[in-house]
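Okay, structure first, notes after.
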Amino acid sequence: MQRAGELVIRRLIGSIPVLLIVLVGTFFLLELASGDAVDAYLVSSGGGDAALVETLRADWGLDQSPITRLGLYLWNIIHLDFGHSVLLNRPILDVVLERLPNTLLLMGSAIALSFGIGSLLGIVAGSRPGSARDRLLSIGSLALYAVPSFWLGLVLVVVFSVQLRWLPLSGIETLASGKAGLHRAWDIFRHLVLPVGALALIYLALYLRLMRAGMVEVWRQDFVLAARAKGLSRRRIVWRHVARNALLPLITMLGLQSATMLGGSVVIESVFSIPGLGRLAQEAVSGRDTPLLMGIIVISAVLVIVTNLIVDVVYALLDPRVGASEASA
Amino acid sequence: MSLIARFSRSPEGLFGAAVLAVLIAVALAAPLLFPRDPLSIVGPALTAPFTDWALPLGTDRLGRNVLAELAHGSRASLLVGFAATLAAILIGASVGTIAGFAGGLVDEVLMRVVDAFQTVPGFLLALAFVSVIGASLPVVVLAIALGAWTGPARLARAEVLSLRERDYVAAARVIGMHPAEIAFREILPNALAPVLALSAVIVAGAILTEAALSFLGLGDPNIVTWGSMIAEGRAVLRSSPFLSIIPGLALVVTVLGVYLFGEGLSEALSRRQVRL
């Protein structure tokens with residue numbers, strides 16, 4: 001446990017420069033955007049005279065040099081002040097935190113589902129590398145991975161919502177339904193089946209292929225030969241020896257994929273009108289609210305760092321070699 | 001055995017190559033096959049596919065020829081896919097080579113930049129970049145490359161680290177070659193092979209990202225893309241789902257072709273390694 005604690009602290013310190021680079025990057029994008037916060041404010045408030053513009057610019061520090069403004073920007077963000085969304089007329093952090101749970105629910109379910117099904121199918125494919133079953137699953141997963149997520153979402157909508165009318169079209173829950181407790185949970189579940197399905201179907205290919213590739217490697221190793229020589233059943237060798245040893249790289253991939261999944265949920269959320277972080281990003285783009293968009297980017301970067309941290313800790317707990325080799329390095 | 005001969009032993013690779021060849025031919029021939037602007041109106045709106053021989057895939061809700069749009073759309077997908085990959089590999093291989101060859105503080109700083117780019121979801125970054133600068137084809141290419149160069153950078157750096165202690169590099173130093181010349185003329189070409197093996201995955205990802213961007217309305221508004229066709233068809237998804245389904249199928253076939261071609265290529269490359 002102490003090893004895990006040290007790992008967390010080391011990773012947190014290591015993520016400070018990374019986050020700093022992200023912040024400098026978003027600052028540059030803000031600078032590149034045409035018009036500043038005052039212009040946006042004037043558009044939304046209906047304009048103002050030149051004197052007001054001057055005082056606002058001075059008040060918000062926009063008349064300073066870029067370096068000073070960068071300092072101000074970093075200072076504000078360290079104090080968790082991401083600025084004000086002109087589009088929604090609310091503090092950016094509040095809006096983002098309000099939308100975050102929906103995205104986490106969508107992403108978390110999609111990751112769990114794609115990891116579970118993907119690794120299971122990977123074991124099926126990798127238990128007999130080169131067999132017809134293996135080839136079918138490998139090609140099939142590649143075909144799934146070639147499908148654009150937003151298009152798969154639309155096709156699922158056409159089939160299950162428009163034609164069969166089994167599942168709701170869009171949203172995260174029925175609006176103003178007055179549902180509570182388990183009824184509400186069931187309602188949210190029904191709304192999430194299609195978006196989670198669309199994301200999970202595509203990303204399960206990744207885990208399938210990784211699991212299969214890992215198992216192909218493990219089959220070649222001497223201890224598998226030894227297990228065979230002992231006369232263990234094939235089933236036992238596949239599950240207890242081969243699959244188990246091929247599982248660890250998949251856990252690393254979970255962390256690496258979190259950024260991709262978050263990006264994928266942007267499009268899926270706008271297909272299904274789920275009020276999450278991705279939908280918010282799209283609203284920010286169409287409303288030309290660049291500060292809001294940058295706030296979303298910074299917070300998703302934090303989200304990705306935290307996810308990777310959790311994955312690293314899980315990994316270290318599962319594989320004692322990891323922490324040991326890092327401690328000695 | 002030559003690379004082509006080894007490649008032709010992989011049925012998947014051959015299939016992928018055939019798909020890509022057809023697509024490239026369609027993309028090149030689109031202005032000849034459909035000389036009219038694909039965005040011009042040619043018939044009654046919402047003609048169903050396979051009902052009118054002059055309009056084999058029917059028309060969209062403005063009465064535009066879906067087949068012509070599809071053919072012209074392949075140009076944007078392939079162009080962005082290849083250009084973004086080229087840009088990503090150029091940026092990535094250069095940064096990776098500099099980091100691996102220089103070492104020390106330069107390496108440390110560059111790799112933290114790579115970390116930062118991997119921390120921000122690539123699609124969000126592309127979305128932000130295009131929305132801040134404005135949608136046009138070159139901006140879309142650059143936006144996609146910004147999210148894709150980190151993989152090549154890491155690979156190139158790892159390769160350079162293993163190559164830079166070789167004897168021929170020491171020899172280049174002894175004869176007084178400039179370090180930059182050693183890095184880019186001696187080391188980089190040898191470090192490029194594994195980076196190129198990654199390129200199929202990057203092309204596929206770039207095509208999908210471009211489609212998603214134009215689906216969200218962030219593509220170049222003056223050209224037809226498959227993503228914008230899917231978005232257009234969405235308005236009449238209930239009555240005419242084919243308008244969204246057809247361009248999506250084209251995307252699936254294209255990306256699958258790229259993947260299969262890449263599989264065949266990396267299989268052919270690894271067979272060579274086994275023989276050595």
Side-chain angles (χ1 to χ4, degrees), chain A residues 14-15 17-26 29-30 32-34 138-139 142-143 145-152 154-155 157-159 162-163 256 258-267 270-271 277-278 281-282 284-286 288 290 293-294 296-298 300-305 308, chain B residues 12 108-109 111-134 146-147 201 204-205 207-209 211-213 215-218 226-227 230-231 233-234 237-239 241-242 244-245 247-249 251-260 262-263:
Chain A
S15 65
V18 172
L19 207 52
L20 212 64
I21 296 171
V22 172
L23 286 172
V24 172
T26 53
L29 273 178
L30 273 174
L32 272 175
S34 56
S138 297
I139 303 267
L142 207 59
Y145 204 55
V147 174
S149 59
F150 59 94
W151 180 76
L152 183 60
L154 287 178
V155 171
V157 163
V158 169
V159 175
V162 177
Q163 303 287 337
L256 290 175
S258 57
T260 317
M261 269 283 195
L262 202 56
S265 71
V266 175
V267 208
S270 37
V271 169
L277 215 53
Q282 206 217 339
V285 167
S286 51
R288 302 225 143 265
T290 315
L293 194 55
M294 294 308 134
I296 295 170
I297 288 186
V298 172
S300 12
V302 172
L303 200 63
V304 171
I305 289 173
N308 274 298
Chain B
E12 290 103 325
E108 187 65 27
V109 169
M111 290 326 280
R112 290 297 81 73
V113 173
V114 169
D115 284 344
F117 271 90
Q118 282 188 323
T119 303
V120 175
F123 186 71
L124 263 184
L125 183 66
L127 197 74
F129 192 76
V130 174
S131 90
V132 164
I133 304 207
L146 277 181
V201 179
I207 292 175
L208 289 175
T209 308
L213 280 175
F215 175 73
L216 292 181
L218 282 166
W226 291 340
I230 297 174
R234 209 181 150 190
L237 195 62
R238 280 167 184 280
S239 52
F242 70 91
S244 284
I245 289 177
L249 285 177
L251 272 169
V252 174
V253 170
T254 308
V255 176
L256 187 59
V258 173
Y259 278 140
L260 290 176
E263 288 261 292

To the nearest 0.5 Å, what is the distance between OG1 (B:T119) and CG (A:L19)? 8.0 Å
Atom group of A:S270 that falls short of 4.5 Å from chain B, counting heavy atoms: both
If I measure from the heavy atoms of chain B, does A:M294 come under 4.5 Å with its side chain, its backbone, both, or neither? side chain
Chain A heavy atoms under 4.5 Å from B:A211: which part of the residue, side chain, backbone, both or neither? both
Just how far is it from atom CH2 of A:W151 to atom CG of B:L208, taken to the nearest 0.5 Å? 11.5 Å
Note, B:V252 side chain near A:P148 side chain (heavy atom, < 4.5 Å): yes
Does any non-hydrogen side-chain atom of B:R234 lie less than 4.5 Å from one of A:V157? no
Counterpart residues, side chain to side chain contact (heavy atoms under 4.5 Å, CB included), relative to B:I133 (two or more places apart): A:L32, B:F129, B:V139
Does any backbone or side-chain atom of A:V266 lie under 4.5 Å from a heavy atom of chain B? Answer side chain, backbone, both or neither. side chain
Taking the side chain as every heavy atom from C-beta outward, state whether B:L216 and A:V285 have any atom pair closer than 4.5 Å. no
Less than 4.5 Å apart, any side-chain heavy atom of B:F215 and any of A:V271? yes
Given B:G227, B:A128, B:G248, the one with more heavy-atom pairs under 4.5 angstrom with chain A than any other is B:G248
Less than 4.5 Å to any heavy atom of chain A: does that hold for the side chain of B:L249, its backbone, both, or neither? both
What closest approach, in Å, do A:G263 and B:P121 show between heavy atoms, and which atom pair accounts for it? N-CB, 3.9 Å
How long is the straight-line distance from OG of A:S138 back to CD of B:E263, given to the nearest 0.5 Å? 8.0 Å
Find the distance between CG (A:L293) and CG (B:L124) and round it off to the nearest 0.5 Å. 7.0 Å
Residue pair B:S131 / A:R288: nearest heavy atoms and the distance that separates them: O-NH1, 3.3 Å
Pick from A:I305, A:V302, A:V24, A:I21: which one has the most heavy-atom pairs with chain B under 4.5 Å? A:I21
Most heavy-atom pairs under 4.5 angstrom with chain A, which of B:V120, B:I230, B:V130? B:I230
